[in-house]
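All chains are named by letter (A, B, ...) in the order of the sequence lines, taking the proteins before the strands, and each is independently numbered beginning at 1. In this text the structure is predicted, and so the values were computed from the model without any measurement.
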Amino acid sequence: MLLTRSFYKLDTEEVACGLLGCCLCHETEEGLVSGIIVETEAYLSRNDPACHASRGMTRRNATMFGPPGHAYIYFIYGNHYCFNIVTGPKGLGEAVLIRAVEPVSGLDLMYYRRGKVESITDLTSGPGKLCQAFAIDKKLDGHDLRNKPLFICGKSTVGDRQIVVTPRIGISSAKDKKLRFIISGNKYLSRRESVG
DNA sequence: GTTAAGATCTGCT
DNA sequence: GCAGATCTTAACG
């Protein structure tokens with residue numbers, strides 16, 4: 001059950017929330033890896049200085065202004081990629097950052113790609129980490145997530161889980177906005193839940 | 001052409 | 001808990 005374009009076109013905060021529990025899959029020559037999304041952040045076009053699109057379209061963020069359901073991937077801090085999903089109608093410039101997933105299949109491949117990790121909870125518990133484990137890089141920028149090799153399936157065997165909203169992480173502006181969505185208590189979150 | 005800042009991770013204290 | 005790694009992007013001259 002692939003997620004449809006009409007889903008990605010919804011309000012960005014709705015998509016960020018709705019993506020929790022969905023399954024991210026990536027097929028490569030090395031094999032298939034997949035994981036359940038457990039942590040997301042919404043980046044809005046209006047009144048959100050932390051969003052790359054807040055100052056208009058540039059070469060880097062052009063993908064954010066494209067059709068919803070495409071991957072927006074950028075390189076940060078010289079070492080890491082961040083994986084986003086474009087949301088809202090085309091031209092709006094909003095996206096959802098995938099911050100953490102719970103590994104499901106392809107664990108050996110994830111360990112191999114990540115190199116030295118001591119715990120399974122270090123495989124994909126952060127934006128840079130999951131991109132490395134999933135072999136996501138700039139070649140996939142603009143990729144339509146309804147197609148292989150990188151795609152997202154809807155909720156399957158996931159039961160009811162409690163979703164919590166908190167302030168975003170790792171940004172210096174607009175910290176007060178509660179646009180981070182997590183599955184409460186999940187051990188693969190990028191950081192521990194703090195009491196709001 | 002040059003420079004400052006960044007949606008992070010890791011290792012050391 | 002804190003600083004360093006490391007390089008792309010964007011703003012400025």
Side-chain angles (χ1 to χ4, degrees), chain A residues 8 11-13 15-17 19-20 24 33 35 37-66 68 70-88 92-103 110-143 145 150 152 164-183 187-195:
Chain A
Y8 293 117
D11 179 80
T12 298
E13 293 175 62
V15 177
C17 187
L19 281 170
L20 294 176
L24 175 67
V33 294
I37 297 169
V38 299
E39 177 175 349
T40 62
E41 280 181 6
Y43 284 83
L44 309 178
S45 64
R46 287 179 172 271
N47 198 23
D48 185 2
C51 179
H52 286 174
S54 65
R55 279 177 236 114
M57 181 157 42
T58 64
R59 190 185 199 85
R60 172 171 71 167
N61 66 25
T63 304
M64 287 181 86
F65 292 89
H70 287 210
Y72 168 49
I73 297 159
Y74 67 93
F75 200 56
I76 191 69
Y77 293 127
N79 299 339
H80 305 286
Y81 290 100
C82 288
F83 170 53
N84 301 252
I85 298 165
V86 179
T87 58
L92 185 61
E94 302 199 343
V96 173
L97 169 69
I98 307 300
R99 287 191 57 87
V101 305
E102 176 178 333
M110 291 190 199
Y111 274 107
Y112 170 72
R113 285 169 176 161
R114 289 275 293 126
K116 181 187 175 187
V117 292
E118 296 182 355
S119 161
I120 187 173
T121 56
D122 282 331
L123 278 180
T124 56
S125 56
K129 294 178 185 176
L130 79 87
C131 281
Q132 190 178 17
F134 275 69
I136 293 173
D137 62 24
K138 207 154 188 352
K139 289 194 295 293
L140 289 165
D141 185 41
H143 172 73
L145 293 168
L150 184 65
I152 299 179
V164 174
V165 186
T166 78
R168 289 178 295 187
I169 285 178
I171 55 176
S172 54
S173 59
K175 285 180 182 169
D176 56 321
K177 294 182 185 300
K178 296 204 169 188
L179 293 172
R180 175 179 177 241
F181 300 82
I182 62 178
I183 293 181
K187 64 194 274 197
Y188 299 96
L189 296 176
S190 65
R191 301 192 195 181
R192 291 284 177 85
E193 278 175 69
S194 57
V195 178

Next on the checklist: Take a 6.0 Å sphere around CG of A:D176 and say whether it holds more than 12 heavy atoms from other residues, nucleotides or ligands.
Outcome noted: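 Result for CG/A:D176: enclosed.
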Checklist entry - Which nucleotide span of DNA chain C, 5' end to 3' end, has atoms closer than 4.0 Å to non-hydrogen atoms of chain A? => result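 That gives a stretch of C:dA5 to C:dA10.
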Checklist entry - Tell me, for nucleotides 8-13 of chain B in 5' to 3' order, what letter each nucleotide earns: B for a base near a protein heavy atom under 4.0 Å, S for only sugar-phosphate near one, - for neither? => result BSS---
What is the distance, rounded to the nearest whole Å, between atom [atom1] of [X] and atom [atom2] of [N]?
X: A:R60; N: B:dA5; atom1: CZ; atom2: P; value: 15 Å
X: A:I98; N: B:dA7; atom1: CD1; atom2: C1'; value: 12 Å
X: A:I85; N: B:dA7; atom1: CD1; atom2: P; value: 18 Å
X: A:H52; N: B:dA5; atom1: NE2; atom2: P; value: 16 Å

Taking C-beta and beyond as the side chain, do [X] and [Y] meet within less than 4.5 Å on heavy atoms?
X: A:Y81; Y: A:L140; answer: no
X: A:T12; Y: A:Y43; answer: no
X: A:Y8; Y: A:L145; answer: yes
X: A:D141; Y: A:Y74; answer: no
X: A:I85; Y: A:V15; answer: no
X: A:N47; Y: A:K177; answer: yes
X: A:H70; Y: A:Y72; answer: no

Output one line per pair: protein atom, nucleotide atom from nucleotides 1-3 of chain B, and distance, for all N/O pairs under 3.5 Å.
none

In residues 123-132 of chain A, what donor-acceptor pairs under 3.5 Å come from side-chain atoms, sequence neighbours left out?
from, atom 1, to, atom 2, distance (Å)
A:T124, OG1, A:V101, O, 2.6
A:S125, OG, A:T121, O, 2.6
A:S125, OG, A:K129, NZ, 3.3
A:Q132, OE1, A:R114, NH1, 2.8
A:Q132, NE2, A:R113, O, 3.3

Item to check | Closest contact, heavy atoms only, A:L92 versus A:F65 | outcome: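 Result for this residue pair: O-CE2, 4.0 Å.
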Next on the checklist: Test of understanding: with salt bridge (charged side-chain N to carboxylate O under 4.0 Å, His left out), list the residues that count as partners of A:E102, not counting sequence neighbours.
Outcome noted: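 Testing A:E102 for salt bridge (charged side-chain N to carboxylate O under 4.0 Å, His left out), a comparison that skips the adjacent residues, returns A:R161.
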Next on the checklist: Counting runs of three or more consecutive pairs, Watson-Crick or G-U wobble, with each distance below 3.5 Å, where are the stems of DNA chain B?
Outcome noted: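 In DNA chain B, stems of three or more pairs: B:1-6 with C:7-12, B:8-12 with C:1-5.
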Checklist entry - Pick from A:I136, A:L97, A:I73: which one makes a side chain to side chain contact (heavy atoms under 4.5 Å, CB included) with A:C82? => result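 In the set A:I136, A:L97, A:I73, the residue that makes a side chain to side chain contact (heavy atoms under 4.5 Å, CB included) with A:C82 is A:L97.
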Checklist entry - Closest nucleotide of DNA chain C for A:N61 versus for A:G78: which of these residues is on the 5' side? => result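 Taking each residue's closest nucleotide, the earlier one in sequence belongs to A:G78.
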Checklist entry - Which is true for A:K138 with a 4.0 Å heavy-atom rule: it touches a base, it touches only sugar-phosphate, or it touches nothing? => result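 Sugar-phosphate only.
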Checklist entry - Step by step, would you call A:E94 with A:T87 a side-chain hydrogen bond (donor to acceptor under 3.5 Å, both in side chains)? => result CA-CA 6 Å; A:E94 302 199 343; A:T87 58; 4.7 Å; no
